[in-house]
Amino acid sequence: MSACVPAPADSGRTKHVHPPHSPPPGPRRFRIAGADVSASIAVFLIALPLSLGIALATGAPLQAGLVAAAVGGVVAGRIGGCPLQVSGPAAGLTVVTADLIQQYGWRTTCAITVLAGLAQLGLGCLRVARSALAVSPAIVHGMLAGIGVTIAVAQLHIVLGGTPQSAVPENLAALPAQLANLHPADVAVSALTLTLLFLWPRLPGRVGRVLGKLPAALIAVAAATALAALTNLRLPKVDLPSWSSHALAALPDGPVLGLVAAVLTTTLVCSVQSLLGAVAVDKLVAARPGLTGRVRRSDLDRELLGQGAANIVSGSLGGLPIAGVAVRSSANVAAGAVSRNSTMLHGGYVVIAALLLVPALELIPLASLAALVMSVGLKMVSLNHIRTVTRHREVLVYAVTTGGVVFFGVLEGVALGIAVAVGVALHRLTRTRITHEETEAGHHIHVRGQLTFLAVPRLSRVLHQVPHGADAVVELDGSFMDHAAYETLQDWQKTHTAQGGSVDITGRRPGIRISEPVEVDGCRCRPWTAWRNHQCERPPTATAPPDAGSQDTTGVADLTGGTGGTGEVGGRGGTTTSSPTDLARGISAFQRNTAPHVRGELARLAREGQQPSQLFLTCADSRVVTSMITSSGPGDLFVVRNVGNFVPPPGEESGDDSVAAAIEYAVDVLKVRSITVCGHSGCGAMQALLGTEPGGAQTPLKRWLRHGLPSLARIPGGGEGAGGPRLAGRAAADTAERLCLANVVQQLEHLRAHESVSRALATGGADGGLELHGMYFHVGEAQAYLLADEAGEDGEAVFRRVLETDFTV
């Protein structure tokens, strides 16, 4: 399907076709989840005052904010690729829109919004949404911070009862005079608004938890409005003219280059903010239990198409530019929304309010809206973002972008930030430290940083300081090496070796070598042999030369006790034979390459004790590497392994103290938050269980396999892939795979019968308590499947494929 034609919201669902001789199905009823209704109300209560406040801050007609909020909810909510993102007038667009209105007037600004929407449609068709995420986060955060400062300084004048100027320097220059000429009524209303915005989410006790569910923005503006009405304060209020006089878009009027720059600026800010917001919403969805399987991950190209369509409609109807809004989107997720219906409903509520609640809206003081928008602007200067860019040594990029936006404009500030970011990247690329140290073991040359042609003269000078015939180690501490540096190292290595010396070129990570692959008795060793049971593979008939572009792909393992030692080469299939020295070689490789990196973390774990978050119960099969398939590290998993990943049910006769003790310790002492039972393909225990015949000698293996008999009873007789738990999207490969799936489901039932588990499940509080998960890992495909919460249409358990885009950006 083309990116220009958004897929319908339910395109991923299975389409059921009724039998040819059966009556046609009845009309499908449009259902809206109760969670979406409640979430839409919460979002509406936040969006209404913010939309008016942002329109006020831009200098646009106040109806324009309502139009943008309604269109963003209905159009972007229906077409966009991020189901739970709420779109509308955004604070990040305030400065851009205000400049456009000042330069070209309101009707031309609407036309620019339409053109920006068309540009977004074109970008969505070109599928370049992911490319927008290549912009440095320091530039994006700096741009938002600069916009926030501009908003806050401008709205401060309205808070004090005055009128803002067109630029930050002018507003700062006029501030002393404004402070000398305060308007008490405006200041009182603004102070009440800011106080409630700060204190409302922090109300203590049970009452605070109940009242805290009401949006602070709504409470603050409502309280300020009530104060102004009850005390008859004379101050400017919202003025919503008749919709019959509402200004719509007109043909753009102005210099062509200026209009092109305006369209590009609006497109850039709208697109980047919306795409970053979609990524942030995905993270919020992934963090909310039970929501990940129900809400799909964002389609960024489709989101760009939805934003473009919304901007076209909003600009045509005389509305503000539209983008994804972080505050409303996070509130939507937190309020429990489960589909795009909540976003669309909130847009419908805005339409109703704009048509029926005009008298109530006209009671709102402008100073209260200005205080609300000023608080939003101040929050855009995030201390967390500043700490992050400082930690990554990008504070200069952040500061330049922020200053550029404040003093020159959004487009100019972003351009300055990009220029500085490129300069910083080039500086880091060329900043390579090369040191030479002579020790008792020989000469050690350490290269820190990226090794490019710019560092070749220094590298060559240091390499030639090593005497002929000496032992040398070259350690490459970087992630990139270009062809010029590669050839320099290769030529020097060959020359030095020919003169009687030895050279070991390695990196900080195992397997980094730049020498040619080494063959031993016809076997070719590869960088990954260290974790392939020290096995080598037969060389292909024709081999490609090593790639000089990356240190990670141009090497082989050390055959003499270094990383990935191979042991002796056997005579069958190019595999190695285990030898007593394999263990020592592996430990030596760990001490040399891995221990320096994990020593600090292991020392912390030794001090603090283990605090795993998960009990992982899986098979003893050597091919199931728990840390690798779960991307976990030391201290993350409490692992229990046995033949067949069995959880014997409790009881004196059939229980097993080893597994039961591990479960009790993990739940009651370690307080793990989840337990996973993981089966896998090609399980020998399942094969043995299928081949077990009654009677005969009761060996330890047979006695142990009795814990799998309830699993065997779960799969009915019949052909392969028929009945029992199944995989989504395909039938089970054979009876053994069906049994593996049934065994995971059965062992979860055994797990629930254990007293410590049942107690933890029954007493789980608001934080979610203990969670149980079933997992199936197909070894040959390196593919994981998770047991779904809902059963299939046939009532059987279903394991769904875990996609690589489910939890990552």
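Because the structure is a prediction, the values reported are computed rather than measured. Reckoned from all heavy atoms, side chains included, excluding hydrogens, waters and symmetry mates.
- Side-chain atoms of Arg641 come within 3.5 Å of backbone atoms of Asp621 as a donor-acceptor pair (strictly under, hydrogens ignored).
- To the nearest 0.5 Å, the span separating CZ on Phe777 from SG on Cys678 amounts to 8.0 Å.
- Ring-plane geometry between Tyr776 and Tyr785 is classed as tilted, the angle between the planes lying from 30 to 60 degrees on a 0 to 90 degree scale.
- Thr432 pairs in a side-chain contact (heavy atoms from CB on, under 4.5 Å) with only one of the listed residues (Thr452, Leu454, Val456, Val447), which is Val447.
- Rounded to the nearest 0.5 angstrom, Leu275 CG and Gln120 CD are separated by 8.5 Å.
- Checked by atom type, the side-chain pair Gln783/Arg801 shows a donor-acceptor distance below 3.5 Å.
- Checked by atom type and distance alone, the side chain of Arg297 never pairs as donor or acceptor with a backbone atom of Cys82 at under 3.5 Å.
- Between the OG1 atom of Thr267 and the CG atom of Leu304 there is a distance of 9.0 Å, given to the nearest 0.5 Å.
- Atom CG of Leu451 sits about 6.5 Å away from atom CD1 of Ile434, to the nearest 0.5 Å.
- Taking the six-membered ring where the residue is Trp, His444 and His446 present perpendicular rings, their angle passing 60° and hence far from 30°.
- No donor-acceptor distance shorter than 3.5 angstrom exists from the side chain of Gln85 to the backbone of Gly324, with no hydrogens or angles considered.
- Looking at His496, its side chain does come within 3.5 Å of a backbone N or O of Ala470 through a donor-acceptor pair.
- Using a 4.5 Å cut-off on side-chain heavy atoms (C-beta onward), Asp301 and Asp299 make contact.
- Of the inter-residue distances, the one linking Glu487 atom CD with Asp482 atom CG reads 10.0 Å to the nearest 0.5 angstrom.
- Among Asp504, Thr439, Ile445, the single residue meeting the side-chain contact (heavy atoms from CB on, under 4.5 Å) criterion with Val473 is Asp504.
- When each of Leu144, Val381, Val405, Leu378 is checked for a side-chain contact (heavy atoms from CB on, under 4.5 Å) with Val149, only Val381 meets the rule.
- The number of heavy atoms from other shown groups lying within 6.0 Å of CZ (Arg604) is above 12.
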Return a table of donor-acceptor pairs under 3.5 angstrom between the side chains of residues 630-638 and protein atoms on other chains or two or more places apart.
from   : atom 1 : to     : atom 2 : distance (Å)
Thr630 : OG1    : Thr626 : O      : 2.6
Thr630 : OG1    : Ser632 : OG     : 2.8
Asp636 : OD2    : Gly633 : N      : 2.7

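- Note: Arg296 CZ to Asp282 CG = 13.0 Å, rounded to the nearest 0.5 Å.
- When side chains are defined from C-beta on, Val397 does not count as touching Val389, because their heavy atoms never get closer than 4.5 Å.
- Between Trp492 and Val466, some side-chain heavy-atom pair lies under the 4.5 Å cut-off.
- If you look at His436 and His443, their ring centroids are closer than 6.0 Å.
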